[in-house]
Visitor: 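Sending over a structure as structure tokens; questions will come in a sec.
Positions are given from 1 along the sequence. One-based numbering, in listed order, for ligands and for the atoms of each.
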Amino acid sequence: MWTRRALLQRAGMVAGAGSLLRGNLLRAQHAMAPQMAMPASTSHARTLAVSSLQPFVDELQLPMLQHSTGKRSDTKLNATDAAYFRVRARAITAKLHRDLPPTQLWSYSGSAAPVLFDVRSGAGVLVEWANELPAKHFLPIDLPLPGMKHSPQMDGMQTAPETRIVTHLHGAHVPAISDGYPEDWFGTGHSRLCFYPNKQDAAALWMHDHAMGTGRFNVLAGLAGWYILRDEAEDALGLPTGPFELPLMLTDRAFTPEGQIYYPNPPDEGTWTPEYIGDFALVNGTVHPFCRVQPRLYRLRIVNAANARFFALSLTGGVSFHVIGMDQGLLPAPVAAERLVLAPAERADILVDFSTMRGRTVELHSDGLQVMQFRVDNAPAQTTSHMPTSLRPIERITESTAVCTRRLTLNEFNADNGEAMVMLLSRAHWADPVTEIVKLGTTEIWELANLTGDTHPIHLHMVRFQILDRQGFSDYEYLANDAFVPNGPRTPPAAHESGWKDVVQCPPYMVTRIAVPFNGYAGRYLWHCHILEHEANDMMRPYDVVV
Ligand code: C2O
Ligand code: CU
Ligand code: CU
């Protein structure tokens, strides 16, 4: 673990002009545009300019619904008569835009559009994830980052296979054995059976690769999908369904002039890209698509599946929308919004009323970036649905029920003295001994003190939590004197983030407090920053739930 002295040094507070400069530079970038810092691509002549592809020429693809091939049981996983699915991770090529040649991808669905599981709360499913990828990665994967050396799967192997995968079902309340622990990866020709009990409320979960050291390349290659969980309480609301419910997976990519996914190449660009930002927005695998809609109420399920980009979503033409749910399901009541910032891995469930926009087009934007276009029919809608006024009651966690409070820091150590830049949680690496050991069935408060100039989306596996508040503090006092000196008011979460969450945005120089009930399963899980480049180097930590 890093000592306080080393942290001060590396943060440029005691010595090292280099670090100070770098720190300020980072801060300045983020102050101007918190998440749009330096697109990976603009400095390179070898990527396509966003102006070179005409927007809204390709139709939105819907996700590919997965079908169960029967029922199975598995005693080791404690699954009886569960619907069984088999998903193959394969290398494919697909056209992502009319004017792009076919692009190499990895896919769970066999197409550029993500897979979709449509499942019921209370009915567990067995999914076998099969690695049918070639032995070589098509992206420039880099040298082993910190945690790689310690992977137990390395046993007897000199190097881990390049095309290792492990699927994590994000937001799922699952036993550790099926959670997709980063070190549980497997190589080409192998598969892994996971049981998802689905003992949780209706919510839009999503799956993505989580392999140690290569997860960010695997997700960028295309290994991500939808897992929509439904229940009776949600059914009773009569929300738009069928063709009027659109799952939209948002990503961003940079392309080479040949139309292939561009990722900065380690040998030319240094060893680690701190944040991957592509110039093009994609929805369900297509570069800024269009979608035909009727002039009526729609339910949009949105996930930010980008490696690092924050999407600040708004609709053109003054169209507002209502947020009805976030990561872990429905809010107590709809929240009217004009702009919604989704960090990587966050989900939003929104209702949009196109009925006043007959015959017009509406675009979904992310600040300056065009994301997609809706073309509203001129003919009146055939069916209608109405927005419910209340959705699902949520009991707020009272702070006094927490058995303990942990103060955890988000740290960034800048490149200096020949050492590479690294980002850590509580100054510890992935491979350091476990420090967060939680008793099953208890509630804890985690205070996430962000000592960096970035907003980090922090995610905990297995659990759901509630955001208590955020408060500015003096990073200098904290680092120099170990003193927590607040310098601003305690701000409660925004209305749309007041429900159950599994990712929380932790803004710079603030303490973000969350209340977490650790119910369900004992075992080893993890918590991490969901900017996948940060997670890889080395903003990811194991945690244990013990009985
Ligand atoms: Cu989306 Cu470790 O998670
Ligand atoms: Cu997760
Ligand atoms: Cu981060």
Visitor: Hey, mind stepping through Asp454 and Thr452 against side chain to side chain donor-acceptor pair (under 3.5 Å) and telling me if it holds?
Guide: CA-CA 6 Å; Asp454 258 322; Thr452 81; 5.1 Å; no
Visitor: For Gln66 versus Arg86, what's the shortest heavy-atom pair and its separation?
Guide: OE1-O, 4.0 Å
Visitor: How about Tyr521 and His173: are their ring centroids closer than 6.0 Å?
Guide: yes
Visitor: Check whether the ring centres of Phe518 and Trp446 lie less than 6.0 Å apart, and answer yes or no.
Guide: yes
Visitor: Taking the Cu ion (ligand 2) as the centre, how many protein N/O/S atoms fall inside a distance shorter than 2.8 Å?
Guide: 2
Visitor: Do Arg339 and Asp367 sit within salt-bridge range, that is, some charged N less than 4.0 Å from a carboxylate O?
Guide: yes
Visitor: For Tyr276 and Asp252, work out which heavy atoms get closest and say how close.
Guide: CE2-O, 3.7 Å
Visitor: Can you confirm whether Asn487 is buried at CG, in the sense that more than 12 heavy atoms of other residues, nucleotides or ligands lie under 6.0 Å from that atom?
Guide: yes
Visitor: List-wise, which protein N, O or S atoms are found short of 2.8 Å from the Cu ion (ligand 3)?
Guide: His456 ND1, Cys529 SG, His534 ND1
Visitor: Verify the ring-centre separation between His137 and Trp106: is it less than 6.0 angstrom?
Guide: yes
Visitor: List the residues meeting side-chain contact (heavy atoms from CB on, under 4.5 Å) with Arg490, not counting sequence neighbours, and say none if there are none.
Guide: Asp469, Gln471, Arg513
Visitor: Centroid separation under 6.0 Å, is that true for the rings of His534 and His528?
Guide: no
Visitor: Under 3.5 Å, side chain of Gln328 to main-chain N/O of Arg464, donor-acceptor pair present?
Guide: no
Visitor: Which heavy atom of Ala305 sits nearest to which heavy atom of Met249, and what is that distance?
Guide: CB-CG, 3.6 Å
Visitor: Keeping to distances under 2.8 Å, can you name the protein N/O/S atoms close to atom 1 (Cu) of ligand 1?
Guide: His170 ND1, His208 NE2, His530 NE2
Visitor: Which atom pair, heavy atoms only, marks the closest approach of Asn284 to Pro63?
Guide: ND2-CD, 3.8 Å
